[in-house]
Amino acid sequence: MWANLGSAALLILITLVHNHQLLTQRQRVEDVLSAERERAHTTLTAIGDGVITTDTQGLVIYVNPAAELLLARPAAHMQGQPLASVLQFGDDAQLPGTGEFLERVLYGAASQRDGHTRNLRRHDDSAIPVKVVGSPIHNQGVLTGAVLVLHDVTREQHYVEQLSWQASHDALTGLVNRREFERRLEELLARPRVVAHEGALLYVDLDQFKIINDTCGHQAGDEMLREVCRMLQSHLREGDTLARLGGDEFGILLKDCPIGPAARIAEQLRQSAQDLRVIWGERQLSTGLSLGLVQLTPELNTLQEVLRVADMACYRAKESGRNKVFVYQSTDTEMSRREGDMDWVRRIRLALEQDRFCLYAQEIAPLQTLHEGGLHVELLLRLRDEDGQLVPPGSFIPAAEHYGMMPAIDRWVVQHALALLARQQRGAGGRRITTCAINLSGTSLGDDSLLDFVRAQFAHQRVDPQRLCFEITETSAIAHLPNAVRMIKELRLLGCRFSLDDFGAGMSSFSYLKHLPVDYLKIDGSFVKDLPGDPTNRAMVEVINHIGHVMGKHTIAEFAESPATVDALRAIGVDYAQGYAIARPVPFEQFLDAEPLRGGAPAALLATPSPAPLEPRLAG
């Protein structure tokens, strides 16, 4: 068939086929372009960011629906308008305006990104925070316009503000928290302060707040806290800061407030809290405030110093009966003593962290026929200061007792004593210690977890519990009688023994003695040290010794300072003696590592040492 066609016809046919192919290809391209345009339009319509395109003259060509919502204007009213009349920002004049930003987009080397949050002024005069990104549009290398994307950051800004608020405020009360309070206080301390107008700090503590939580529940406690906050805020001036520093502790920063007006404000707060009543169900809840007031004088120039003295002033208010205002004075001798105690608290914590406590031991010698073989010693606690010097317990034990640090110290003593006894047990060296006395504080007697700790230490160190004798003072045993009796019984079941220290110092001793299952009575040293020349003291020692023996307990006389005292004790029939006339305290390791004595007599009784000054006998 093709052979019968002429060459002209064949050429026409080829041309028609080629044109058809071109038309088909062009249609295919146009379909693809149309689909792409549709996808682009759908995308621009759907995205949440506002999109505006312009020509090279800055006239608006296209506005997507999101931009219409952002600008509060329909697209038809913006198309063909200068971009500067459509985008208007009401913020820092130093930031580039619309025209300048568009110029950078059109003729810059790369896309422009405005890193600042801009306040976009809308057609209805409202404002929205946005961030702007712009990029030039090129067609085959020729600049044809620009595209700008507007991102609404309202939600992000609100979220950041919420996080910032949460970081600086207390969730329950809405007050600023300790972190923000300390920041504001530091700012105030950094400024020059006018004499008599330096400002003041109130450290506030709710009295007996724990009782409300324990008896009515934490919801009642939370409601009481909120009511107290509302009351406190109502009495403060504009510009003062009220903060919740802890569970039931508050701080109040009084700016530019002399000490006189500050004291009056403090008293108003105290009185209002005293009168406050909160109805909770059928109950009427009440509380009180203990307030420590500190004038922010130039001498108090650090945050730590101000908070320290404010806390101590608040403590003095509580200590003097609660529901009081205590004004800090730098010349107050009691406050100075408290400051010394607080310094010891810091030093004790460091000593525990750095393991700078050490154990000494003092021998307790039998005066009569031996009741038991081996060596009987009492452990005494010492602290090595930062310079390596030994500090006697009388210097730091009162502060540790006052600020509740004795349980931690007692645990340290138990753990290290058992570790040393275990070491000797493994090495089989030194003098055999059959009774090692360890002091327990009154707060440890009231600590329910101590019993489990001691059991765990026995299991870990594998030391025979019968080698341990725990010493408790008469006064602490009476103050914690139910707990003391329970702990004594539990530890005695393990094999431990107990000694009642300082017996006779309280005249109620004998009535309580029958309730305390102890093995030893330690006769208070005030009756022993003047024993040879004081008939009254001798009579007291005789009575205590007799009652102890009637009840089946061994007696120990402490503070035996001279051979004459030891002889008098032996004549009375006291079982053991302890003091400088027997032996001085030495590092515990010396007992553990020393060679055994030849012969049966204790070392202390082989010599007659001269009287020596009284040794402080406080221990862990």
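All values derive from a computational prediction rather than experimental measurement.
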So do Leu269 and Leu202 actually touch side chain to side chain, heavy atoms under 4.5 Å? yes

Stepwise, does the ring-ring contact (aromatic ring centres under 6.0 Å, His included) test hold for Phe357 with Phe396?
CA-CA 12 Å; Phe357 283 107; Phe396 61 86; 5.8 Å; yes

(message) If you count heavy atoms of other groups shown closer than 6.0 angstrom to NZ of Lys318, is the number above 12?
(response) yes

Practice prompt. Ignoring hydrogens and angles, tell me if any N or O in the side chain of His460 forms a donor-acceptor pair with the backbone of Ala456 under 3.5 Å.
Written response: no

The reported gap from CG in Leu87 to CZ in Arg118 (rounded to nearest 0.5 angstrom) is 9.5 Å

TODO: Answer yes when Glu223 and Arg226 have at least one side-chain N-carboxylate O distance shorter than 4.0 Å, and no when they do not.
DONE: yes

key: CG/Asp125: more than 12 non-hydrogen atoms of other groups inside 6.0 Å   = no

CG of Leu500 to CD of Glu471, rounded to nearest 0.5 Å, is 9.5 Å

When Val454, Leu450, Asp447 are each screened for side chain to side chain contact (heavy atoms under 4.5 Å, CB included) with Leu440, the one that passes is Leu450

- [ ] Would you check, one step at a time, whether the test salt bridge (charged side-chain N to carboxylate O under 4.0 Å, His left out) holds for Glu227 with Arg230?
- [x] CA-CA 5 Å; Glu227 287 296 326; Arg230 284 190 278 269; 2.6 Å; yes

Enclosure of Arg322 CZ (heavy-atom neighbours >12, cutoff 6.0 Å) | yes

Criterion side chain to side chain contact (heavy atoms under 4.5 Å, CB included) on Asp205 and Tyr315, from CA distance to verdict: CA-CA 9 Å; Asp205 193 293; Tyr315 189 89; over 6 Å; no

CG (Leu148) and CG (Asp49) are apart, to the nearest 0.5 Å, by 12.0 Å

Value for CG (Asn323) from CG (Leu206), rounded to nearest 0.5 Å, stands at 10.5 Å

- Message: Strictly distance-based, threshold 3.5 Å: is any side-chain N or O of Glu378 a donor or acceptor partner for the main-chain N or O of Gln362?
- Response: no

- request: State, with a plain yes or no, whether a side-chain heavy atom of Phe470 is found less than 4.5 Å away from one of Ile488.
  value: no

| Would you say Asp387's side chain and Gln389's backbone share a donor-acceptor pair under 3.5 angstrom? | no

Determine whether Thr241 and Glu180 make a side-chain contact, defined as any pair of heavy atoms from C-beta on separated by less than 4.5 Å. no

In this structure, CG of Leu120 is separated from CG of Leu150 (nearest 0.5 Å) by 6.5 Å

* Asked: Is there a donor-acceptor pair closer than 3.5 Å between any side-chain N or O of Arg237 and the backbone N or O of Lys255?
  -> yes

Can any side-chain N or O of Arg356 pair as donor or acceptor with the backbone N or O of Arg384 at less than 3.5 Å? yes

On a heavy-atom basis, the closest approach of Ser286 and Ile212 is O-CD1, 3.8 Å

query = Does Arg122 offer a backbone N or O that forms a donor-acceptor pair with the side chain of Ser126 under 3.5 Å?
reply = no

*Donor + acceptor pair across side chains of Thr297, Glu299 (<3.5 Å)*: yes

What I want to find out is whether Glu156 reaches Lys131 closely enough, with some N-O distance under 4.0 Å, to be called a salt bridge. no

For Leu242 and Cys229, the nearest pair of non-hydrogen atoms, with its separation, is CD2-O, 3.8 Å

* To do: Could you check if a side-chain atom of Arg382 sits within less than 4.5 angstrom of a side-chain atom of Leu380, using non-hydrogen atoms only?
  => yes

Which of Leu300, Asp311, Val327 passes side chain to side chain contact (heavy atoms under 4.5 Å, CB included) with Val294? It is Leu300

Requested in this report: For side chain to side chain donor-acceptor pair (under 3.5 Å), just list the numbers for Gln274 and Arg270, CA-CA rounded to whole Å, side-chain angles, deciding distance to a tenth of an Å, and then say yes or no.
Outcome: CA-CA 6 Å; Gln274 181 177 289; Arg270 187 202 64 78; 3.0 Å; yes

Between Ala67 and Ile52, the two heavy atoms sitting closest are CB-CG1, 4.1 Å

Test side chain to side chain contact (heavy atoms under 4.5 Å, CB included) on Leu390 and Tyr360; report intermediate values, then the result. CA-CA 11 Å; Leu390 282 180; Tyr360 273 55; 3.0 Å; yes

Next on the checklist: Is it the case that over 12 heavy atoms from other parts of the model lie below 6.0 angstrom from the CD atom of Gln219?
Outcome noted: no

* Would one find more than 12 heavy atoms of other residues, nucleotides or ligands at under 6.0 Å from atom CZ of Arg155? -> no

- Item | Side-chain H-bond candidate by donor/acceptor type, Ser449 with Arg411, under 3.5 Å | yes

**Asked** Using a distance-only test with no angle check, is there a side-chain donor-acceptor pair under 3.5 angstrom linking Ser290 and Asp207?
**Response** yes

Practice task
Determine whether Leu253 and Leu296 make a side-chain contact, defined as any pair of heavy atoms from C-beta on separated by less than 4.5 Å.
Solution key: yes

Check your understanding: Could you walk me through whether Glu182 and Leu245 pass the side chain to side chain contact (heavy atoms under 4.5 Å, CB included) check?
Key -> CA-CA 9 Å; Glu182 291 180 354; Leu245 304 182; over 6 Å; no

Value for CZ (Arg308) from CZ (Arg346), rounded to nearest 0.5 Å, stands at 10.5 Å

CA sep, side-chain torsions, deciding dist, call: Leu175, Phe250, side chain to side chain contact (heavy atoms under 4.5 Å, CB included): CA-CA 10 Å; Leu175 300 178; Phe250 299 88; 4.0 Å; yes

Check your understanding: Got Thr287 and Ile211 here, is their nearest side-chain heavy-atom distance under 4.5 Å?
Key -> no

Could you tell me if the side chain of His416 sits less than 4.5 Å from the side chain of Asp355, heavy atoms only?
yes

>> Using a strict threshold of under 4.0 Å (side-chain N to carboxylate O), is an ion pair present between Arg183 and Glu186?
In response: no

Checklist entry - Can you find a heavy atom in the side chain of Arg244 that is under 4.5 Å from one in the side chain of Leu225? => result yes

